[in-house]
Amino acid sequence: MLRWLTAGESHGDLIVGVLEGLPSGLPLTEDDLNGYLLRRQGGVGRGTRMKIERDRATIVGGVWKGKTSGAPLAVTIPNRSRIPQERQPHRGVPRPGHADMVGMLKHGFDDASPVTERSSARETAARVALGAAAHAFLRALGIGVWGHTVALGGVRAQTPPATRDTDWDLLLAARDDSPLYCADAGAEARMLERIEAARAEETTLGGVVEVVALGVPPGLGSYAQWDRRIEASLGRALLSIPSVKGVAIGDAVEAADAPGREAQDEMFWDEGVVRRTNRAGGVEGGVTNGEPVVARAIFKPIATQRKPLRSVDLSTGEETESRYVRSDVVIIPAGSVVAEAMVALVLAEAMRETFGGDRLEDARAAFDRHLQRIPWRQPELPDRLRRPPAPPAASEGEPAEET
Ligand SMILES: Cc1cc2nc3c(=O)[nH]c(=O)nc-3n(C[C@H](O)[C@H](O)[C@H](O)COP(=O)(O)O)c2cc1C
């Protein structure tokens, strides 16, 4: 079993991630993690410091001479902006749309700071670092996971449906060239206009990211019990990302309005079962079916507004305005990297559960045996998914501040 946890506060010394259950023998370096951390900090719409100060992970456990040892992987990411607890402002007025009020009521605080410090999406940096290790494990088994922006501020990208015939090289190159991680250049231009308008109007935007996993074999997950359905695990993981409020597997939203025949994927034979469509997003009956796994995460616009929202001072009951804390306009590109990480962790967990193995070579051998027994050929991974994204250059500054 694979399990993972994070800890740490936004303005504490550092944040921590622990991932247990990777097999031994998987090559893993800090650079394998740092390229993903860099991508999480990128993308238009985020604060200016994000662009100049880079997160860097330190591996403090679970790797022995460059390879996983079978011990828990432990990762730390220092915070650039550290504020001792005694110097943190007293925040008696909760910000609407954040965990402030519920945290204060739940844990008996008259101050939202301890809540804000932990509920901040700064924590997602640790998820991305752990997700990078899951990506490395999946890559070793021929599986690649990547995300892109498919809607932002009401502008929808037009990208080809994710089927086995899709030109992934083209899509990935377009995504990698885009400051919004959007593979449709026309839509991207309109999204950028929306962001500028939102900045001028002092508001924020939401959107949708799509995560696609290539090379996933048939057989991950189970129809036999509710909590073993793979889409249930994907949904839970994606919904756990701050500000994600909905998840769709494949074309779920479009299929709801379509006649039934147009919402299925008929089967054909080409040295194995193949589909020409992938409306199901690679999942049937709670189990992966060998087509690309496709999950979309729907993000609400981020809560913090420059023009303050109305709120209440919980100690007096007085109606007032919530305080502005540094905030982004839109976090969809960063959100796509977090969503990639969560999908990679879920699929890595499913691969561990299905194929086991204490050593990478044993996991590989069990997987190969499965592939020999079923009428399915694993597609070749596109070039860009065969290695992790490039880490930041040594000169690219210190770790980032983030609220
Ligand atoms: C990568 C990332 C960065 C975020 N940055 C901000 C931000 O700068 N300002 C903000 O108000 N919310 C931001 N959020 C969303 C909040 O963390 C989230 O809305 C809040 O914790 C409440 O949780 P909920 O929206 O899931 O209910 C961010 C989310 C993610 C995934």
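In this structure, the separation between CG on Leu345 and NE2 on His135 is 8.0 Å, given to the nearest 0.5 Å. Atom CG of Leu28 and atom CG of Leu22 lie 7.5 Å apart (nearest 0.5 Å). Leu33 CG to Thr58 OG1: the interatomic distance, rounded to the nearest 0.5 Å, is 9.5 Å. Distance check, rounded to the nearest 0.5 Å: NE2 of His11 to CD of Glu117 gives 5.5 Å. Interatomic distance, Asp184 CG to Gln158 CD, rounded to the nearest 0.5 Å: 6.5 Å. To the nearest 0.5 Å, atom CG of residue Leu26 and atom CZ of residue Arg364 are 12.5 Å apart.
Inter-residue side-chain proximity for Arg91 and Val115 is flagged as unmet; no heavy-atom pair is nearer than 4.5 Å. Between Pro94 and Met104, some side-chain heavy-atom pair lies under the 4.5 Å cut-off. Inter-residue side-chain proximity for Leu2 and Phe137 is flagged as unmet; no heavy-atom pair is nearer than 4.5 Å. Looking only at side-chain heavy atoms (C-beta outward), Ile230 and Val287 stay at 4.5 Å or farther from each other. Counting heavy atoms from C-beta outward, Ser119 and Pro242 have side chains that stay 4.5 Å or more apart. Side-chain contact check for Leu180 versus Leu192: some heavy-atom pair is nearer than 4.5 Å. At least one side-chain heavy atom of Ile332 sits less than 4.5 Å from a side-chain heavy atom of Val209. Looking at heavy atoms from C-beta onward, Leu152 lies in side-chain contact with Ile195 at the 4.5 angstrom threshold.
Between Leu214 and Leu385, the closest heavy-atom pair is CD1-CD1, 3.8 Å. Taking both residues in full, the closest heavy atoms of Leu239 and Gly246 are given as CD2-N, 3.8 Å, listed atom of the first, atom of the second, then distance. When all heavy atoms of Cys182 and Glu188 are compared, the pair lying nearest together is O-OE2, 4.2 Å. Taking every heavy atom of both residues into account, Pro72 and Val18 meet most closely at CB-CG1, 4.0 Å. Nearest approach of Ile249 to Gly281, heavy atoms of both residues: CG2-O, 4.4 Å. Of all heavy-atom pairs spanning Ile83 and Gln88, the tightest one is O-NE2, 3.2 Å.
Residues passing the side-chain hydrogen bond (donor to acceptor under 3.5 Å, both in side chains) test with Ser243: none are found, sequence neighbours excluded. With sequence neighbours excluded, the residues that form a side-chain hydrogen bond (donor to acceptor under 3.5 Å, both in side chains) with Arg384 are Asp176.
A salt bridge links Arg296 with Asp251: the closest approach of a Lys/Arg side-chain nitrogen to an acidic carboxylate oxygen falls below 4.0 angstrom. A salt bridge is defined here as a Lys NZ or Arg NE, NH1 or NH2 lying under 4.0 Å from an Asp or Glu carboxylate O, and Glu254 with Arg156 fails to meet this definition. Look at Glu349 and Arg352 and you find no salt bridge, because none of the NZ, NE, NH1 or NH2 atoms lies under 4.0 Å from a carboxylate O. The pair Glu380-Arg386 meets the salt-bridge criterion, since a charged nitrogen lies less than 4.0 angstrom from a carboxylate oxygen. Taking a cutoff of 4.0 Å between a charged side-chain nitrogen and a carboxylate oxygen, Arg236 and Asp227 do not qualify as a salt bridge.
Proximity of a side-chain donor or acceptor of Asp55 to a complementary backbone N or O of Asn34 within less than 3.5 Å is not detected. Distance alone, capped at 3.5 Å, places no donor-acceptor pair between the Arg228 side chain and the Ser222 backbone. Distance alone, capped at 3.5 Å, places no donor-acceptor pair between the Asp31 side chain and the Pro388 backbone. For Arg359 (side chain) and Ser24 (main-chain N/O), no donor-acceptor pair under 3.5 Å exists by modelled atom type. Put simply, the side chain of Arg118 gets close to the backbone of Gly8: a donor and an acceptor are under 3.5 Å apart. Thr204 contributes no side-chain N or O that, together with a main-chain N or O of Thr304, makes up a donor-acceptor pair within less than 3.5 Å. Using a distance-only test at 3.5 Å, with no hydrogens or angles considered, a donor-acceptor pair links the side chain of Asp32 to the main chain of Thr29. No donor-acceptor pair closer than 3.5 Å links the side chain of Ser178 to the backbone N or O of Ala183.
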Applying side-chain contact (heavy atoms from CB on, under 4.5 Å), run through Leu371 and Trp376 and close with a yes or a no. CA-CA 7 Å; Leu371 295 185; Trp376 182 81; 3.6 Å; yes

When you look at Thr6 and Ile15, which way does the side-chain contact (heavy atoms from CB on, under 4.5 Å) test go after all the steps? CA-CA 7 Å; Thr6 70; Ile15 52 171; over 6 Å; no

Given the rule in the side-chain contact (heavy atoms from CB on, under 4.5 Å) test, do Met351 and Leu220 qualify, once you have shown the distances and angles that lead to the verdict? CA-CA 7 Å; Met351 289 294 285; Leu220 303 187; 3.7 Å; yes

If you apply the rule salt bridge (charged side-chain N to carboxylate O under 4.0 Å, His left out), what do you find for Glu193 with Arg190, and how did you get there? CA-CA 5 Å; Glu193 284 168 18; Arg190 294 197 305 280; over 6 Å; no

Are Arg310 and Glu319 close enough, and set up right, to give a salt bridge (charged side-chain N to carboxylate O under 4.0 Å, His left out), and what steps lead you there? CA-CA 7 Å; Arg310 297 197 61 89; Glu319 288 185 8; 3.6 Å; yes

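For the 3.5 Å distance criterion, the side chains of Ser336 and Arg175 fail to qualify, holding no donor opposite an acceptor. Side-chain polar atoms of Thr277 and Glu266 form no donor-acceptor pair below 3.5 angstrom. Between the side chains of Thr116 and His98, not a single donor N or O lies within less than 3.5 Å of an accepting N or O. For the residue pair Glu291 and Asn278, no side-chain donor N or O sits within less than 3.5 Å of a side-chain acceptor on the partner.
The aromatic rings of His370 and Phe367 sit parallel to each other, their planes meeting at less than 30°, with 60° as the upper class boundary.
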